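Worksheet for the structure shown next.
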Amino acid sequence: MRNNVHIAKKLLKWYDVNARNLPWRISPIDSQIGIKPNPYHIWLSEIMLQQTTVNVVKPYYESFISKWPTITDIAAAKDEEIMEAWAGLGYYRRARNLIKCAKIVVKDYKGLFPKDEHLLLKLPGVGTYTSAAIRSIGFKKKATVIDGNVARIISRLYVMTKPIALSSKEIKSHADSLVPTKRFGDYAQALMDLGSQICTPRNPKCSNCPINKDCKAFTSGLSNKIPYPVQKKAKQVRYGYAFVTLTKNNNIILERRPADGLLGGMLCFPSSEWRNSQELNFDPPFEADWHVLNESITHVFSHFNLQLKIVHSRINLAPSGYLVMPVKNFNRAALPSLMRKIFDIGVVQSLADLS
DNA sequence: AAACCGGGGAA
DNA sequence: TTCCCAGGTTT
């Protein structure tokens, strides 16, 4: 394969001028004068950034660093505190793996991330991408970082005529061949910045691209046709009831979902089974004088849409087996977004009925 | 290889 | 609306 060094050089030169300023990032100038990244910061940001956009992550990242300045603090925190701080960010398995990973790093590695790829890959929540990101950005080691940006850039550079998911081996070999001999972290971040600012999924800004002359998609006018999309399955709708209950003392009734599966480990209102059919059995979790509200909420998950009718009741005494929390001072932000919608309708309406 | 797993922002 | 995002894990 022909020497690609000139491509990395152009990217790094572009990055020196166009690097985004991000809370977890060491700027190219600071990096050059020897300021070292904090692998804990890099790990935390990378976990949060999995399938999640930069601007959504920023406030969560700042909040975590402020609450838990070191990985030892994460490992020592209560699980519920971490889950509450993660609420709203989605993909909650990431938070559960974050906790597991922090405990392993503290126990087995004295609180310092290993640099070895093989050891990193054994950590929960750390796969090929995150391992390479920690190694290159966190430790300035050589590693091939391939995320959605890199895959898209490479598929265009070489005009790959199959969807990205079917070209992973080819993308990996090209990506390997493009990695420079130094500035591994800056190079990885340069690719991400190029992907987010120039080589965007739709309408890439090829005229501003520092490597457009090296890009086969650009030189052949195919930039907007690559990468080829994958066929998508139509989303189904699931239906159910969500049960909002206030006790006489204005406590709300919640439960914590099991650790595995959808919204695992999160606080939730009790709900019925979610079925593909609108023919629902009204099957409340406990005895009460239930009122079905006119309102329902809709929510979009990655693989299905959900529509829940909201039901509420007032009871004297909380049934056992549930979490009972004063609605006054309740931190709405502790709920995943779906449950926030239910809270906003069900609890507000229940309180209004009192007056 | 494909499904599962949230939520939001850009176009 | 549609798309897809600094993916990992399980099936």
Side-chain angles (χ1 to χ4, degrees), chain A residues 20 22-25 41-61 83 86-98 100-101 120-138 143-153 162-169 175 185 187-197 199-205 224 227-236 238 257-266 268 298-306 333 335-341:
Chain A
R20 285 175 295 176
L22 301 172
W24 47 85
R25 183 180 278 186
H41 293 177
I42 302 307
W43 164 72
L44 177 62
S45 66
E46 292 301 347
I47 301 296
M48 288 184 167
L49 286 161
Q50 290 169 6
Q51 298 296 291
T52 310
T53 45
V54 164
N55 283 324
V56 173
V57 164
K58 276 182 188 169
Y60 283 89
Y61 174 82
M83 300 313 287
W86 196 277
L89 200 51
Y91 284 110
Y92 298 98
R93 187 168 62 187
R94 292 183 295 173
R96 299 193 300 277
N97 281 335
L98 186 89
K100 286 186 202 164
C101 182
L120 283 168
L121 286 173
K122 289 208 296 190
L123 297 171
V126 177
T128 53
Y129 165 76
T130 305
S131 157
I134 293 174
R135 276 172 49 72
S136 62
I137 303 171
T144 305
V145 171
I146 302 173
D147 67 340
N149 292 301
V150 177
R152 186 172 60 254
I153 291 166
K162 287 187 294 187
I164 282 175
L166 304 177
S167 314
S168 53
K169 291 195 108 171
Y187 172 72
Q189 294 174 109
L191 284 171
M192 295 170 198
D193 285 7
L194 190 82
S196 75
Q197 299 177 50
C199 198
T200 49
R202 283 178 288 194
N203 305 317
K205 290 133 195 86
N224 231 340
Y228 277 49
V230 289
Q231 192 101 359
K232 285 217 173 105
K233 231 176 70 174
K235 267 187 203 176
Q236 292 195 320
R238 296 184 195 171
R257 292 176 64 96
D260 291 319
L262 192 72
L263 303 175
M266 302 305 293
C268 289
T298 59
H299 192 74
V300 177
F301 288 102
S302 52
H303 51 302
F304 66 93
N305 294 338
L306 179 65
L335 299 171
S337 295
L338 159 64
M339 297 297 154
R340 291 178 193 173
K341 295 178 186 175

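All chains are named by letter (A, B, ...) in the order of the sequence lines, taking the proteins before the strands, and each is independently numbered beginning at 1. Any value given below was found using the heavy atoms of this structure, including those in side chains, with hydrogens, waters and symmetry copies removed. Note that the coordinates shown come from a computational prediction; the quantities given were computed from them, not determined experimentally.
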Exercise. What is the distance from CG of A:Leu262 to P of C:dT10, rounded to the nearest Å?
Worked result: 16 Å
Exercise. A:Lys341 has an atom NZ; how far is it from atom P of B:dG7, in whole Å?
Worked result: 8 Å
For this session: Give me the residues of residues 51-58 of chain A where at least one heavy atom lies under 4.0 Å from an atom of DNA chain B, by number, or none.
Result: A:Gln51, A:Thr52, A:Val56
For this session: Mind checking A:Pro124 for me? I need base, sugar-phosphate or nothing, with any heavy atom below 4.0 Å counting as a touch.
Result: sugar-phosphate
Problem set entry | Sugar-phosphate only, base, or nothing, as touched by A:Ser45 at under 4.0 Å among non-hydrogen atoms | nothing
Exercise. Can you list the residues that meet the side chain to side chain donor-acceptor pair (under 3.5 Å) rule with A:Lys100, with sequence neighbours excluded?
Worked result: none
For this session: Whole angstrom is fine here: how far is it from CG in A:Asp260 over to P in B:dC4?
Result: 16 Å
Exercise. Under the ring pair (Phe, Tyr, Trp, His ring centres under 6.0 Å) test, which residues partner A:Phe301, sequence neighbours left out?
Worked result: A:His299, A:Phe304
For this session: Pick base, sugar-phosphate or nothing for A:Ile164, based on heavy-atom distances below 4.0 Å to the nucleic acid.
Result: nothing
Exercise. Which part of the nucleic acid does A:Arg20 contact within heavy-atom distance under 4.0 Å: base, sugar-phosphate only, or nothing?
Worked result: base
For this session: For A:Leu263, answer base if it contacts any base atom (sugar-phosphate contacts may also be present), sugar-phosphate if it contacts only those atoms, and nothing otherwise; contact means non-hydrogen atoms under 4.0 Å.
Result: sugar-phosphate
Problem set entry | Those residues that, when tested against A:Asp147, pass side-chain contact (heavy atoms from CB on, under 4.5 Å) (two or more places apart) | A:Tyr129, A:Asn149, A:Val150, A:Met192
Exercise. What integer distance in Å separates A:Lys232:NZ from B:dC4:P?
Worked result: 15 Å
Exercise. Strictly by modelled atom types, are A:Thr200 and A:Arg152 linked by a side-chain donor-acceptor pair under 3.5 Å?
Worked result: no
Exercise. What is the distance, rounded to the nearest whole Å, between atom NZ of A:Lys162 and atom P of B:dA2?
Worked result: 12 Å
Problem set entry | Dot-bracket notation for DNA chain B, counting Watson-Crick and G-U pairs under 3.5 Å, with | for partners on another strand | |||||.|||||
Exercise. Relative to the 5' end of DNA chain C, which residue comes earlier, A:Leu123 or A:Arg25, by the nucleotide with the nearest heavy atom?
Worked result: A:Arg25
For this session: Under the side chain to side chain donor-acceptor pair (under 3.5 Å) rule, collect the residues that match up with A:Arg257, sequence neighbours excluded.
Result: none
For this session: Return yes if some donor-acceptor pair links the side-chain N/O of A:Arg340 with the main-chain N/O of A:Leu335 below 3.5 Å, else return no.
Result: yes
For this session: Return the value, rounded to whole Å, for the distance between atom OH of A:Tyr91 and atom P of C:dC4.
Result: 13 Å
Exercise. side-chain contact (heavy atoms from CB on, under 4.5 Å) with A:Lys58: which residues, sequence neighbours excluded?
Worked result: A:Leu22, A:Pro23, A:Trp24, A:Val54, A:Asn55
Problem set entry | Side chain A:Arg94, main chain A:Leu89, donor-acceptor under 3.5 Å | yes
For this session: Identify whether any heavy atom of A:Thr128 sits under 4.0 Å from a base atom; if not, whether one sits that close to sugar-phosphate; answer base, sugar-phosphate or nothing.
Result: sugar-phosphate
For this session: Using the test side chain to side chain donor-acceptor pair (under 3.5 Å), find all partners of A:Gln50 that sit at least two apart in sequence or belong to another chain.
Result: A:Thr130
Problem set entry | Closest listed nucleotide, where the reference is the side chain of A:Leu49 and the choices are B:dG6, B:dA10, C:dA6 | C:dA6
Problem set entry | Rounded distance in Å - NZ (A:Lys235) to C1' (B:dG7) | 10 Å
Exercise. Picking from C:dC4, B:dG6, C:dG7, which would you name as closest to the side chain of A:Pro201?
Worked result: C:dC4
Exercise. When the C1' atoms of C:dC4 and B:dG6 are considered, how many whole Å apart are they?
Worked result: 13 Å
Seminar exercise, completed: So salt bridge (Lys or Arg N to Asp or Glu O under 4.0 Å) across residues 187-197 of chain A, not counting sequence neighbours, yields A:Arg20-A:Asp193, A:Arg25-A:Asp193
Exercise. Where the side chain of A:Asp147 is defined as all heavy atoms beyond and including C-beta, which of B:dA11, B:dG6, C:dA6 is the nearest nucleotide?
Worked result: C:dA6
Exercise. Donor-acceptor pair under 3.5 Å: do we get one between A:Arg93's side chain and the base of C:dG8?
Worked result: yes
Exercise. Can you tell which of B:dG6, C:dT9, C:dG7 lies closest to the side chain of A:Asn97?
Worked result: C:dT9
